[in-house]
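All of these numbers come straight from a predicted model, not from anything done at the bench. Whatever order the structure lists them in is the order used to number ligands and atoms, beginning at 1. When a residue number appears, it is its place in the shown sequence, counting from 1.
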Amino acid sequence: MKRRHFLKSSAIAGTVLAFSGANIWAKDTDARIEVLLDEPLGEISPNLYGQFTEHIGGVIYDGVWVGEKSKIANQYGIRSQLVDMMKQIHVPIIRWPGGCFADSYDWKDGIGETSKRPRRTNFWEVDPDAIRLHDKGPQLFETNQFGTNEFIRFCQLTGAQPYLAANLRSLPALEFDHWVEYCNSPAGSTTLAEVRAAAGFPEPFNVRYWGIGNESWGCGGNFTPEEYASEFRRYSDWIPRYGIDLQLIGSGPNDNDLDWTHRFFQRIYSDRAYNNPGFTGWSVHHYAWNLSRGKTKDWLAGKGDALRFDSVDWYELLRECDRMEQIITDQWAVMGQYDTQHRVKLVVDEYGPWYREGTELDPTHIFGQQITLRDALATALTLDIFNRHPEKVGMAACAQLINNINALFMAHEDRFFATPNFHVFAMYAAHQGGQALRAEFSAPDVHYMRDDRPARFWGLNGSASRKNQVVTVTIVNPDLSKTIETQIALRGAEVTSASGTVLAASEMHAHNTFDHPNAVVSTTLAIAVGAGLLNVSIPAASVSKLEIVLR
Ligand code: AHR
């Protein structure tokens with residue numbers, strides 16, 4: 001924390017000498033960022049920029065899938081506008097079919113002739129949002145028009161890798177083996193490969209990433225960690241491989257539940273150690289939902305509103321999202337007590353702010369909510385956290401891609417727009433595959449009153465990475481009223497040019513709609529390149545990206 005504040009003048013002078021021999025920091029600046037080119041932190045896996053699609057509300061039906069006969073532009077039934085925009089942000093991985101839905105899903109229902117596929121009761125039919133629906137549509141009764149083949153097609157069209165979540169609660173382990181066999185067995189090798197070929201897919205899908213259940217502490221079976229460890233062993237001990245280095249992701253904690261991680265890892269590593277080289281991921285879910293300022297832990301009562309919020313709610317939401325950093329470091333420390341070589345990395349496959357119902361764009365969009373500038377900052381600061389911990393976080397997926405929670409897109413029938421979150425992912429795509437660099441952000445905290453008591457939040461934060469001669473720095477300014485005059489120094493490098501992009505708006509509730517799809521979009525940010533330093537004005541309540549070209 002100390003590093004985020006202004007260093008004392010003697011410390012600044014010492015720092016500056018190291019890269020210029022003179023005090024190059026201007027005195028009248030608000031903040032300083034020092035990018036340490038000689039302190040790489042590890043490669044930022046492109047998979048940190050993944051997305052999540054579940055059979056819930058308007059995600060698949062209305063969002064992704066419009067059907068081959070639809071008048072809405074589509075490719076093989078998949079919404080074309082969505083595909084095109086996902087390609088723009090280089091979505092590396094898509095998680096499917098859930099979420100909680102995964103543990104009630106029988107993959108066999110979603111293959112073969114579409115007209116013959118069964119209708120089944122959707123996991124979410126008991127949700128209050130679903131109960132209110134009069135239309136007995138796919139939100140209540142799953143039609144299975146979108147199954148494994150259609151999902152793989154979606155991945156192929158967007159260029160993403162599939163990440164499938166297996167049903168551990170209500171299907172036997174053998175069914176999981178058969179799903180892998182259906183997806184990955186070579187052309188002509190097994191009966192399931194022939195079924196796949198009959199559907200138009202002779203070549204194997206080669207799915208590498210498999211979730212072994214979802215939220216097994218909750219909707220995925222209500223297991224104890226010890227029970228789940230036994231199930232995990234059973235489901236993952238033998239799986240057909242076909243030469244593919246399957247990556248198995250265990251169902252990790254809710255938020256920062258250290259007990260779940262301790263007890264699971266203890267069972268896997270200590271008691272008759274289970275050395276499965278495929279076990280490389282441990283999922284974490286963190287939703288920022290409790291805006292009650294400590295008054296309640298009730299899931300419904302504690303939630304805030306997506307559109308009606310004040311400045312305190314603004315900072316509190318960002319603070320809730322910022323807890324991600326502590327979760328990552330705490331969970332990593334516990335995992336390392338057992339997995340001493342750190343073979344297993346964190347997979348944050350559900351994250352984002354989650355508000356009470358009421359701002360969804362259509363009643364069928366269960367957990368649909370509007371996305372404002374506040375959520376763009378929340379998403380950006382989360383991605384910066386992942387970038388700062390590339391050795392710990394191997395994969396992540398925003399919950400969810402479209403029409404649900406922290407969406408990048410909204411669609412209903414033939415209408416479609418990108419939310420401010422899309423613009424964050426577009427800006428941050430430059431970090432994918434880059435070498436993360438340590439960067440020191442020094443800025444005064446933001447002060448505000450929280451229920452008549454003083455509270456504070458960091459004043460500027462972000463992340464940096466390098467690809468060849470280009471350094472990307474992303475910066476979040478959470479301050480609602482203050483433009484921050486910022487100086488940036490790149491130790492040990494000469495800058496030839498720099499360009500900037502910024503996502504900001506005239507007020508904190510700004511958001512895009514079907515009628516005003518471009519209310520919040522990114523624009524150019526001016527950067528002055530001086531001797532050894534860059535100077536930039538970071539607008540209040542904004543996300544910025546600097547692309548700096550080195551000689
Ligand atoms: O993303 C919505 C739900 O939140 C998911 O189905 C579940 O995994 C989580 O509780």
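No part of Tyr351 comes within 4.0 Å of ligand 1, judged by heavy-atom distances. Contacts with ligand 1 closer than 4.0 Å are made by no heavy atom of Phe123, backbone or side chain. Within the 4.0 Å heavy-atom criterion, neither part of Phe101 lies near ligand 1.
Checked by distance only, ligand 1 and Tyr287 come closer than 3.5 Å through their nitrogen or oxygen atoms. Checking only distances, Glu54 does come within under 3.5 Å of ligand 1, N or O to N or O.
Within ligand 1, the atoms closer than 4.0 Å to a non-hydrogen atom of Cys100 are 5 (C), 6 (O), 7 (C), 8 (O), numbered from 1 in the order shown. Less than 4.0 angstrom separates some heavy atom of Glu215 from each of these atoms of ligand 1: 7 (C), 8 (O), 9 (C), 10 (O). For ligand 1 and Asn214, the ligand atoms under 4.0 Å from any heavy atom of the residue are 8 (O). Close contacts between ligand 1 and Ile405 involve ligand atoms 1 (O), 2 (C) [criterion: under 4.0 Å to a heavy atom]. Heavy-atom contacts of Phe52 reach the following atoms of ligand 1: 1 (O) (cutoff under 4.0 Å). Of all atoms in ligand 1, numbered sequentially from 1 with element shown, those under 4.0 Å from a heavy atom of Gln400 are 1 (O), 2 (C).
Separation of the Phe146 and Tyr61 ring centroids does not fall under the 6.0 Å cut-off. Here the two rings, on Phe264 and Phe232, have centers that are under 6.0 Å apart.
Counting only heavy atoms from C-beta outward, the side chains of Ser216 and Trp260 approach each other to under 4.5 Å.
No donor-acceptor contact under 3.5 angstrom links the side chains of Thr513 and Asp515, judged on distance only. In this model, a donor atom of one side chain and an acceptor atom of the other lie less than 3.5 Å apart for His365 and Asp62. Under 3.5 Å, the side chains of Trp210 and Ser236 contain no donor-acceptor pair of N or O atoms. With no hydrogens or angles considered, no side-chain donor-acceptor pair links Ser283 and Ser251 at under 3.5 Å.
Side chain of Gln145 to main chain of Thr114: a donor-acceptor pair is present (N/O by atom type, distance under 3.5 Å, no hydrogens or angles).
For atom 8 (O) of ligand 1, the closest non-hydrogen atom of the protein is Glu350 OE2, 2.7 Å.
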